[in-house]
Protein chains: 2
Amino acid sequence: MSTPAIHSDALAQKLADSGLRNTPQREFVYDALLKKRDHPTADEVYARVKTQLPGISLATVYNCLETLVQCDLVRAVNFERAPTRYCPNQHPHAHFHDESTGSTHDIELPPGLLAKIKGILPPGYDAEAIELTFRGKAPPSR
Amino acid sequence: MSTPAIHSDALAQKLADSGLRNTPQREFVYDALLKKRDHPTADEVYARVKTQLPGISLATVYNCLETLVQCDLVRAVNFERAPTRYCPNQHPHAHFHDESTGSTHDIELPPGLLAKIKGILPPGYDAEAIELTFRGKAPPSR
DNA sequence: TCCTTCTTTAGAATTATTCCAATTTCAACT
DNA sequence: AGTTGAAATTGGAATAATTCTAAAGAAGGA
Ligand SMILES: [Mn+2]
Ligand SMILES: [Mn+2]
Ligand SMILES: [Zn+2]
Ligand SMILES: [Zn+2]
């Protein structure tokens, strides 16, 4: 069998919730993100999925990633003007971008920090999304 | 006299510190940022400076903005994949991006918050820069 | 099956930014 | 004051991530 199975059908559920169809392309793209959680770019996802779905197009990869972001299964992560990276980690977390290696690390947020951060907003500000990103040197991966 | 004078020569100082020359283009670009602190894009800076230095080129505006960023006089601010915006506010602050108006607001950080945020990094991580950005609805400007 | 809608696809278009080669500016040194 | 080499500016070409477009391919319900 060739259908990916990692995702415990959270995908099917979220797609249904949004009135969208479940397609092989969407499954393979989501699976690629779950299988290697290194915040790949669209191009990198394209290369990985192509080994399993040789006919998939880059446009479709962009479409699928956008769909997954809409469904709240994936976050789009941007560092300066570098290509967008994609992250399936659903826990509240920050991103650390290591300039020297180009790698991206998830930094878990302690409970309450997001609330405290949101608390700095003056009255009347309503934040839908908060992004916290670090840039610097990460420890050797060992 | 046609030389801008807003900037109390912090510019001349920082340029000298970096071994760079002070030029009219750099002065006018920096002045444009200080005069209207609405986080303009490079194109917007170009349009504003052109009224005073009609011969300036867009490439030079990009060069000057990059120089100002290197000198730590200006921050480059990115929201998703929108054009980079430029901010001369030197205080530690976050950015709030209002989706409906497209406007960007500075959010002052309470003392200690940056340290607390930096404190969530596991041992070995060394952050050179921290970006905190909000996206949502800001109150009417009144 | 028919019909409608959603999705995928290839390739063209967009566009912010960077690159390049040719001038211009400028400060240092005769 | 004139020379000179480095730094800076300029216009235009190039780059590259992403989006758009129009056509073809699923899929689900009547
Ligand atoms: Mn980087
Ligand atoms: Mn926006
Ligand atoms: Zn992540
Ligand atoms: Zn700012």
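All values below were derived from every heavy atom in this structure, side-chain atoms included, with hydrogens, water molecules and symmetry-related copies excluded. Order of the sequence lines fixes the chain letters, A, B, ..., with proteins taken first and strands second; residue numbering starts at 1 for each chain.
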Item checked: Residue from His39(B), Glu131(B), Arg85(B) passing side chain to side chain donor-acceptor pair (under 3.5 Å) with His95(B) ->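 That would be His39(B); it is the only one of His39(B), Glu131(B), Arg85(B) passing the side chain to side chain donor-acceptor pair (under 3.5 Å) with His95(B).
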Next item on the list: Taking the side chain as every heavy atom from C-beta outward, state whether Cys87(B) and Val74(B) have any atom pair closer than 4.5 Å.
Entry: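 The answer is no; the side chains never approach within 4.5 Å.
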Check: Does some side-chain heavy atom of Glu80(B) sit less than 4.5 Å from a side-chain heavy atom of His97(B)?
Finding: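 Sidechains of Glu80(B) and His97(B): no contact.
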Checklist line | Over all atoms of both residues, closest heavy-atom pair of Leu33(A) and Pro88(A) | finding: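 Minimum heavy-atom separation between Leu33(A) and Pro88(A): O-CG, 3.5 Å.
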Checklist line | Under 4.0 Å protein heavy-atom contact, by nucleotide of nucleotides 2-17 of chain C - B base, S sugar-phosphate only | finding: ---BBSBBB-----SB
Check: Are Phe134(A) and Phe79(B) connected in the hydrophobic side-chain network, where two residues link if heavy atoms are under 4.5 Å apart?
Finding: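 No, no single cluster joins them.
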Margin query: What is the first contacted nucleotide of DNA chain D and what is the last, in 5' to 3' order, if contact means an atom lying under 4.0 angstrom from a heavy atom of chain B?
Written below: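 Counting from the 5' end, contacts occupy dA6(D) to dT18(D).
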Checklist line | Summary of side-chain hydrogen bond (donor to acceptor under 3.5 Å, both in side chains) pairs that have at least one residue in residues 55-72 of chain A, sequence neighbours excluded | finding: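 Non-adjacent pairs meeting side-chain hydrogen bond (donor to acceptor under 3.5 Å, both in side chains): Ser57(A)-Thr60(A), Glu66(A)-Gln70(A).
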Check: Roughly how far, to the nearest 0.5 Å, is CD of Glu108(A) from CD1 of Ile120(B)?
Finding: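 One finds 9.5 Å between CD1 of Ile120(B) and CD of Glu108(A).
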